[in-house]
Amino acid sequence: MPTHAPDTVMDTLRAADPEVATIVAAEAERQETTIELIASENHASPAVMAAAGTVMTNKYAEGYPGRRYYGGCLHHDAIERLAQERAKKLFGCSYANVQPHSGAQANMAAFLATMDPGNTFASLVLKDGGHLSHGMKINFSGIFYNPVHYALHYDKAHPEHERIDYDSVRAVCKEHKPRVLLCGYSAYPRVIDFARFREIADEAGALLVADVAHIAGLIATGVHPSPFPHAHVVTTTTHKSLRGPRGGLVMTNDEELSKKINKALFPGIQGGPLMHIVAAKAVALGEALTHEFKTYQQQVVANAQTLAGALSAHGYRITSGGTDNHLMLVDLTARDAELTGKDAEGWLEGAGIITNKNGIPDDARSPMVTSGLRLGAPATTTRGFGEPEMREVAAWIDRVLSAGLKGADELARTTETVRAEVRDMCARFPLPHAAH
Ligand code: DSN
């Protein structure tokens with residue numbers, strides 16, 4: 001991967017609109033000099049970003065390849081077909097819609113294709129690791145549909161403590177007979193047993209929808225089991241572990257469902273697709289088909305496990321006892337009962353370590369405060385961090401949080417030192433798009 005993209009994009013922007021260029025350059029500098037641990041973020045390659053900045057943005061291409069509502073779509077047909085083919089090859093499925101602007105819109109299309117308004121679906125609630133589009137009351141999924149929720153095991157003595165309770169999935173499906181059983185999560189560190197979910201869906205007469213947004217890169221490379229052939233519909237984002245541009249995909253092996261999904265996306269939800277982003281998706285999917293991408297995903301998991309192990313050694317509790325994938329939930333109260341996710345996120349940001357506060361299972365605190373942090377390894381692994389660097393990151397996290405607990409003076413002193421060390425480390429591992 002080249003370490004320096006040509007500066008032409010920033011040069012053009014600087015010349016045309018210095019005000020915007022200054023803000024973009026500041027963001028490039030922020031990304032360059034901080035350690036990104038948000039599990040849903042990544043650093044897209046220069047090629048992905050180049051494709052997103054092309055003339056493909058200039059065209060309306062409502063419809064699908066060969067069936068557009070505008071003339072002049074020849075090359076847009078070609079790029080969309082290429083993206084579809086790469087998505088199908090990567091995930092091993094027969095139909096791929098590459099037009100969703102986001103993961104939430106991919107989920108909306110999956111819902112429209114599989115349910116009527118008012119239908120019941122079963123999912124994991126947001127506070128246990130689900131997503132707002134999995135049935136939150138003020139989201140379309142909770143407004144137009146009837147969500148019922150299965151649970152995690154909450155029993156410290158149980159070997160599956162804080163993991164999916166498949167008996168609860170079965171019981172909820174038996175009681176409510178949902179039209180859709182939804183699996184796939186935003187804050188779940190363990191392997192998802194798609195075959196088991198399908199068995200339960202079949203028993204209940206439900207369709208299985210898997211939202212694999214977080215683990216798509218792991219799935220694409222065989223580092224996490226695939227939802228195919230078990231799920232009827234698979235949705236994902238393209239910008240998390242998959243390391244593409246911001247956007248979504250919806251995939252299926254069922255021809256009838258694929259027609260319904262296409263209709264749901266356009267004209268059901270969206271108008272013109274973002275064809276520059278479709279082009280960037282094609283590039284990212286091409287990258288994901290390489291051997292290097294598999295090595296990258298294996299390192300993501302190794303790095304996440306190393307970070308989790310090192311934080312445990314510093315006295316933090318990793319929910320469910322560890323991680324099988326790219327992320328972990330850190331229970332801060334095991335280190336100190338007073339420590340909150342809100343404080344930890346703010347203190348760490350001061351030192352150049354970017355995280356997000358996150359509820360832990362059965363969290364007594366509100367989502368704006370929380371008792372946990374969600375940490376992930378996709379972005380740090382992209383910039384070349386290995387296990388030794390992840391152990392250093394764990395040590396910095398502990399130094400900053402311990403200082404914060406001691407008070408403002410100690411926090412200020414430690415923040416300054418750690419910030420400098422973080423900058424040094426970042427300079428040793430430059431981002432692939434160091435163009436500013
Ligand atoms: N907001 C995303 C995340 O951080 O997991 C989910 O869409």
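First listed ligand is number 1; within each ligand, the first listed atom is number 1.
- Atoms of ligand 1 found under 4.0 Å from any heavy atom of His131 (numbered from 1 in listed order, with element): 6 (C), 7 (O).
- For Arg374, every heavy-atom contact with ligand 1 shorter than 4.0 Å involves the side chain, none the backbone.
- Heavy-atom distances between Lys240 and ligand 1 reach below 4.0 Å in at least one pair.
- In this structure, Arg243 is positioned above the aromatic face of Tyr296, its NZ or CZ under 6.0 Å from the six-membered ring centre and within 45° of the axis.
- Atom 1 (N) of ligand 1 is never approached by the protein to below 4.0 angstrom, counting heavy atoms only.
- Inspection of the Ser123 and His149 side chains reveals an N or O donor paired with an N or O acceptor under 3.5 Å.
- Taking the six-membered ring where tryptophan is involved, the planes of His326 and His214 are tilted, since the angle between them lies from 30° to 60°.
- The closest side-chain heavy-atom distance from Glu387 to Gln299 is below 4.5 Å.
- Note on ring orientation: taking the six-membered ring where Trp is involved, the planes of Phe197 and Tyr185 are tilted (angle from 30° to 60°).
- Short contacts between ligand 1 and Ser40, defined as distances under 4.0 Å to a heavy atom of the residue, involve ligand atoms 3 (C), 4 (O), 5 (O).
- Within ligand 1, counting atoms from 1 as listed, the ones closer than 4.0 Å to a heavy atom of Ser186 are 5 (O), 6 (C).
- Taking every heavy atom of His214 and a limit of under 4.0 angstrom, the matching atoms of ligand 1 come to 3 (C), 5 (O).
- Counting only heavy atoms from C-beta outward, the side chains of His134 and Asn107 approach each other to under 4.5 Å.
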